[in-house]
Engineer: 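The structure follows.
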Amino acid sequence: TLEYLGRTDFQVKLRGFRIELGEIEAALTAQPGVRQALVLVREDRPGDKRLVAYAVPAPGVSLEAETLRAALKQRLPEHMVPSAFVVLDALPLTPNGKVDRKALPVPEAPASTSGFTAPRTPTEELLAGLWAQVLGVEQVGADDHFFELGGHSLLATQVISRIRSTFGVELPLRALFEAPVLSSLARRIDTAVHARTVQAPPLVPVPRTGALPLSFAQQRLWVIDQLEPGGAAYNIPTALRLRGPLDVAAMERAFTALVERHESLRTTFAVQDGEPVQVIHAPPRFPLAVVDLSTLPPAECEAEARRLVSREAQRPFDLANGPVFRALLLRLGEQDHVLLGTMHHIVSDGWSMGVLVRELAALYASQATGQDSHLPALPIQYADFAAWQRAWLRGEALERQLGYWRQQLSGAAPVLELPTDKPRPAVQSHRGAWQPVLLSKPLTEALLALCRREGLTPFMALLAAWQVLLARYSGQDDVSVGSPIAGRTRQETEGLIGFFVNTL
């Protein structure tokens, strides 16, 4: 028996879900009146990836996007339902008859799913403008639902940041999950405005004339590095497979421009008067080392490339002398390369990697063609954020923050007493593994339905289930689980490369 599963390279990962695009396409073509269908992930705005479906109707049939959306919701879990549907007379083709994916049109912005009700108050009008900017839609009504318009947790963080700068109030991220309809969130903003407390000072550039402090997050990693020097546990590696002609000199110039643009990539960490400080160096020429593996037989070439990828990821950094960012280009063939980039966590986080790849692509295109990269100027640098954080979180403001966490963690057990087949080592090691867990389609659908009813994200529900499981295994009622979150709660920091991750 031969089972044809489709092309393996059309599986995508979107917001933590592995999605087979062919499964969505099969569900679409099974709908009455659909002659052809194609689904792909688009990123028409940097950092905003979404599923888009293209459908070609049968002759004489008129297709409606909302009808297709409703039909797919009956057959597929929520995360596999495209956020946009585009009806075409025919799919564009390349000269050799394949679908020309690059020629597929950009979908129009999603319309309101609840009918349009114009904003009724000044707060609703301002908030509608913020939502439209973040979600990339033309208009937002008073009764519109943030997550039904395509919002997700990362976009929610950006909305909260813009609320802070526009209205001058601090709303927790959970406020958007508890009040996802525009009018209800506007009422929360009005309540917060009337009960306004002391706000954080503005985030502005600081002079580079004296010592620059580390942020609290950086100080944590600096202390760990002092206790365990020469480790690679906090390396952040990435590997990009590049196929096609590559201008190595242009790539090196692109890296040089990237390091010039972001001070954090040319920062080292010294000690002055017993305290760690940031030392920002003048923009250097960035050396892009090249290792030529093209003379090796194909199997040996791939094996050696994988070995070098692993070695580069494990090579430690010297925070005092730098650099804290390095790159290596592996040449596998005339038009086949692997680009390795590694940063220490003290100057980077997961969000930063997206910024790095997007800007490196733009700068490479600029250097290769001689055209402007069109990257907007950065309003601040990471050192400005660190100085702002240190100036704000002191005295009463710091005690308020610490007091909250002391209360939350009061009485928490120092360790989780799990029954294991091996004793807990006296000294922590970093040896570990990962274990994939697959949930059945009915269970996944039930989980997502629960999330919709309770106003949760799948992450929240799965974390709760994980905590319940740990409690049952350990017999402890109080279980502390750390989870990293994007700490970019201010709009000025969204385009920076730096360490903004908080842990809850």
Side-chain angles (χ1 to χ4, degrees), residues 5-14 18-22 40-41 43 46 49 94-96 98-102 232 235-259 262 265 284-317 323-345 348 350 352-371 373 433-434 436 497:
L5 301 180
R7 294 183 57 160
T8 58
D9 57 349
F10 286 153
Q11 184 188 79
V12 298
K13 187 174 182 180
L14 184 64
R18 292 194 180 277
I19 299 173
E20 289 287 355
L21 298 181
L40 49 76
V41 174
E43 190 176 2
K49 294 182 178 180
T94 62
N96 60 7
K98 294 184 178 181
V99 176
D100 187 353
R101 293 169 178 263
K102 295 182 179 180
N235 287 7
I236 301 182
T238 188
L240 303 175
R241 190 72 174 255
L242 308 177
R243 299 189 187 276
L246 181 66
D247 186 336
V248 177
M251 181 64 75
E252 186 171 77
R253 293 195 300 271
F255 271 110
T256 298
L258 184 73
V259 173
H262 292 276
L265 299 182
R285 173 184 169 273
F286 188 90
L288 179 59
V290 180
V291 176
D292 192 352
L293 306 177
S294 60
T295 59
L296 297 176
E300 292 183 25
C301 180
E302 287 287 337
E304 180 63 9
R306 291 179 182 277
R307 189 189 69 81
L308 291 175
V309 168
S310 178
R311 187 192 72 175
E312 189 67 9
Q314 295 299 318
R315 191 154 62 93
F317 286 98
V324 292
F325 170 50
R326 60 176 180 256
L328 177 66
L329 183 67
L330 307 180
R331 177 183 171 89
L332 278 62
E334 184 178 350
Q335 297 193 14
D336 190 5
H337 297 78
V338 175
L339 180 62
L340 309 179
T342 311
M343 293 188 282
H344 194 280
H345 199 1
S348 180
S352 297
M353 298 308 291
V355 174
L356 183 146
V357 172
R358 288 196 302 272
E359 294 197 353
L360 182 63
L363 291 168
Y364 172 74
S366 171
Q367 294 295 333
T369 62
Q371 299 178 353
S373 66
W434 63 285
I497 293 176

Engineer: For A232 and Q314, which heavy atoms make the closest approach, and how far apart are they?
Structural biologist: CB-O, 3.2 Å

Engineer: Which pair of non-hydrogen atoms, one from A305 and one from L330, has the smallest distance, and what is that distance?
Structural biologist: O-CD1, 3.9 Å

Engineer: Can you find a heavy atom in the side chain of M343 that is under 4.5 Å from one in the side chain of V324?
Structural biologist: no

Engineer: Can you confirm whether V338 sits close enough to L332 that some side-chain heavy atom of one is under 4.5 Å from a side-chain heavy atom of the other?
Structural biologist: yes

Engineer: Begin with the C-alpha distance, continue with both residues' side-chain angles, and end with the deciding distance and a verdict on side chain to side chain contact (heavy atoms under 4.5 Å, CB included) for R253 and R285.
Structural biologist: CA-CA 8 Å; R253 293 195 300 271; R285 173 184 169 273; over 6 Å; no

Engineer: Kindly say whether L288 contributes a backbone atom to a donor-acceptor pair with the side chain of E252 at under 3.5 angstrom?
Structural biologist: yes

Engineer: With a 4.5 Å cut-off on side-chain heavy atoms, are L246 and Q335 touching?
Structural biologist: no

Engineer: Is N235 reaching over with its side chain to a backbone N or O of H345, donor-acceptor style, under 3.5 angstrom?
Structural biologist: no

Engineer: Before giving the answer on ring-ring contact (aromatic ring centres under 6.0 Å, His included), spell out for F317 and F325 the whole-Å C-alpha distance, their side-chain angles and the decisive distance to 0.1 Å.
Structural biologist: CA-CA 9 Å; F317 286 98; F325 170 50; 8.8 Å; no

Engineer: Tell me whether the centres of the aromatic rings in F255 and Y364 are closer together than 6.0 Å.
Structural biologist: no

Engineer: Between E302 and R241, does a salt bridge (Lys or Arg N to Asp or Glu O under 4.0 Å) hold up when you go through it step by step?
Structural biologist: CA-CA 12 Å; E302 287 287 337; R241 190 72 174 255; 2.8 Å; yes

Engineer: Looking at F286, is its backbone amide N or carbonyl O close enough to the side chain of T256 to form a donor-acceptor pair, meaning the two atoms are under 3.5 Å apart?
Structural biologist: yes

